[in-house]
Amino acid sequence: MYGLFAYCALIDVINKRWLGVLILAGVIGKVIFDLIYLPELSGLAFAAHTGGVVAGLVLAFLCKILTLNHS
């Protein structure tokens, strides 16, 4: 879910919708909060959420780049 939120938020930021900035800041803030305050035993959950956010951001950038080349 974190990846989906990051993807949609970045697409909104690219399309100049201000709500995407708030959602993206919230998702990144949550990942940073998890990094600082989660117990050490939940490392897999943190890695999965962080990986999802990174994958969502990369996919959003790739989609934007690929649509620019075809327009």
Are [X] and [Y] joined in one hydrophobic group, where the rule is that I, L, V, M, F, W and Y side chains link up if heavy atoms are under 4.5 Å apart?
X	Y	result
Phe5	Leu35	yes
Ile65	Val58	no
Phe61	Leu66	no

Does Phe46, at its CZ atom, have more than 12 non-hydrogen atoms belonging to other residues, nucleotides or ligands within less than 6.0 Å?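 Atom CZ in Phe46 is crowded, with more than 12 foreign heavy atoms closer than 6.0 Å.
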
Which residues satisfy the side-chain contact (heavy atoms from CB on, under 4.5 Å) test with [X], sequence neighbours excluded?
X	result
Val21	Val13
Leu22	Trp18, Leu19
Ile28	Leu24, Ile32

First locate atom [atom1] of [X], then atom [atom2] of [Y], and finally report the distance between them rounded to the nearest 0.5 Å.
X	Y	atom1	atom2	value
Ile11	Leu57	CD1	CG	10.0 Å
Leu44	His49	CG	NE2	9.5 Å
Ile23	Leu10	CD1	CG	12.0 Å

Atom of Gly20, atom of Ala9 and distance for their closest heavy-atom approach: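 So the minimum-distance heavy-atom pair works out to O-CB, 3.6 Å.
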
Write down the atom of Cys63, the atom of Tyr7, and the distance for their closest heavy-atom approach.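 For Cys63 and Tyr7, the tightest heavy-atom pair comes out as SG-OH, 3.8 Å.
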
Is the shortest heavy-atom distance from the side chain of Asp12 to the side chain of Cys8 under 4.5 Å?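 Side chain of Asp12 against side chain of Cys8, heavy atoms only: no contact under 4.5 Å found.
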
Is there a donor-acceptor contact under 3.5 Å from the side chain of Thr50 to the main chain of Ala47?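 No; judged by distance alone, with no hydrogens or angles, the pair does not exist.
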
